[in-house]
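This is the structure, below, for whatever I ask next.
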Amino acid sequence: QVQLVESGGGLVQAGDSLRLSCAASGPTFSTYVMGWFRQAPGMSREFVAAISRSGGTTYYDDSVEGRFTVSRDNAKNTVYLQMSSLKPEDTAVYYCAAATMPSITTDISSRWRYNYWGQGTQVTVSS
């Protein structure tokens with residue numbers, strides 16, 4: 001099993017940037033496809049971005065394409081979400097998740113594909 005802990009959230013103004021981090025426990029971090037999801041009040045948890053085990057392939061929801069960048073450092077057991085040009089509609093609790101997939105596919109956007117989840121970190125963007 002993997003334990004995931006997000007950090008880096010906060011309150012920013014529209015147009016600002018934030019970098020979220022997700023630290024994973026255990027020696028098998030590189031065997032997981034990693035994803036980022038977010039959930040706003042009263043809304044369902046929605047896909048944001050995902051990255052393959054090696055970090056060579058990334059996938060983004062259209063709402064963040066060109067603004068967010070997902071990356072990972074397997075030596076540090078950490079995945080990152082660099083968020084730029086933030087908008088008020090980006091306000092949500094952001095979660096990282098791990099999936100036992102051999103490769104990344106379009107199904108990576110499904111929350112039901114992920115086996116482990118972090119506790120979430122709040123991102124608030126004011127206008």
Side-chain angles (χ1 to χ4, degrees):
Q1 296 187 351
V2 172
Q3 306 295 321
L4 305 173
V5 180
E6 302 95 336
S7 63
L11 174 63
V12 298
Q13 294 182 321
D16 285 353
S17 298
L18 273 179
R19 189 181 74 161
L20 306 183
S21 298
C22 176
S25 66
T28 59
F29 176 71
S30 63
T31 68
Y32 295 97
V33 169
M34 298 297 297
W36 285 96
F37 290 76
R38 64 187 181 185
Q39 188 167 17
M43 305 294 290
S44 62
R45 191 168 299 186
E46 64 179 10
F47 174 77
V48 176
I51 187 167
S52 62
R53 294 180 297 175
S54 67
T57 304
T58 56
Y59 186 72
Y60 300 93
D61 183 75
D62 289 344
S63 65
V64 304
E65 181 74 50
R67 299 189 298 120
F68 290 11
T69 301
V70 61
S71 61
R72 68 192 296 165
D73 186 338
N74 287 345
K76 296 182 178 180
N77 280 16
T78 303
V79 63
Y80 305 95
L81 185 67
Q82 177 66 48
M83 306 183 295
S84 300
S85 301
L86 283 164
K87 306 174 181 179
E89 49 263 47
D90 294 319
T91 296
V93 176
Y94 283 71
Y95 300 88
C96 68
T100 54
M101 297 181 180
S103 61
I104 192 169
T105 70
T106 55
D107 287 342
I108 202 68
S109 63
S110 173
R111 59 187 292 184
W112 310 113
R113 298 289 185 174
Y114 292 82
N115 307 94
Y116 307 102
W117 294 83
Q119 84 289 346
T121 185
Q122 176 71 47
V123 173
T124 303
V125 184
S126 63
S127 59

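All residue numbers in this chain count up from 1 along the given sequence. Computed over heavy atoms, backbone and side chain alike; hydrogens, waters and symmetry mates excluded. Just so it is clear, the model here is predicted, and its values are computed rather than measured.
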Q) What about Phe37 and Met101, same hydrophobic cluster or not, with Ile/Leu/Val/Met/Phe/Trp/Tyr joined at side-chain heavy-atom distances under 4.5 Å? A)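 Yes, because Phe37 and Met101 connect within a single hydrophobic cluster, where side-chain heavy atoms sit under 4.5 Å apart.
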
Q.
Is the shortest side-chain heavy-atom distance between Lys76 and Ser21 below 4.5 Å?
A. no

Q) Can you tell if the side chain of Trp117 reaches within under 4.5 Å of the side chain of Arg45, non-hydrogen atoms only? A)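 Of all side-chain heavy-atom pairs linking Arg45 with Trp117, at least one is under 4.5 Å.
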
(Q) Could you measure the distance from the CG atom of Asn77 to the SG atom of Cys22? Nearest 0.5 Å is fine. (A) 10.0 Å

Q. Measuring from Arg19:CZ to Ser84:OG, what's the distance to the nearest 0.5 Å?
A.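 Spacing of CZ (Arg19) from OG (Ser84) equals 12.0 Å.
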
Q) Can you tell me if CD on Gln13 sees more than 12 non-hydrogen neighbours from other groups inside 6.0 Å? A) no

Q.
Determine whether a donor-acceptor pair (N or O, by modelled atom type, separation under 3.5 Å) exists between the side chain of Glu46 and the backbone of Arg38.
A. no

(Q) I'd like to know if the side chain of Arg72 and the backbone of Val33 have a donor-acceptor N/O pair within less than 3.5 Å. (A) no

(Q) Minimum heavy-atom separation for Ala50 and Tyr114, please, with both atom names. (A) CB-OH, 3.8 Å

Q: Mind checking the CZ-OG spacing from Arg111 to Ser44? Nearest 0.5 Å is all I need.
A: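 It comes to 7.0 Å.
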
(Q) If we ignore hydrogens and angles and just use 3.5 Å, is the side chain of Thr121 paired with the main-chain N or O of Gly9 as donor and acceptor? (A) yes

Q.
Any side-chain to backbone donor/acceptor pair from Gln82 onto Thr69? Under 3.5 Å, distance only.
A.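 Not a single qualifying donor-acceptor pair exists.
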
Q: Locate the shortest heavy-atom distance separating Gln122 from Thr124; write the atom from each residue and the value.
A: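 Heavy atoms only, the tightest pair is NE2-OG1, 3.3 Å.
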
Q: For Gln39 and Ala92, indicate whether the former's side chain and the latter's backbone hold a donor-acceptor pair under 3.5 Å.
A: no

Q: Could you work out the complete set of other residues in the hydrophobic cluster of Phe68, with links drawn between I, L, V, M, F, W and Y side chains under 4.5 Å apart?
A: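 Same cluster as Phe68: Val2, Leu4, Val12, Leu18, Leu20, Phe29, Tyr32, Met34, Trp36, Val48, Ile51, Tyr60, Val64, Val70, Val79, Leu81, Met83, Leu86, Tyr94, Tyr116, Val123, Val125.
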
Q. Is there a donor-acceptor pair closer than 3.5 Å between any side-chain N or O of Arg67 and the backbone N or O of Ser85?
A. yes

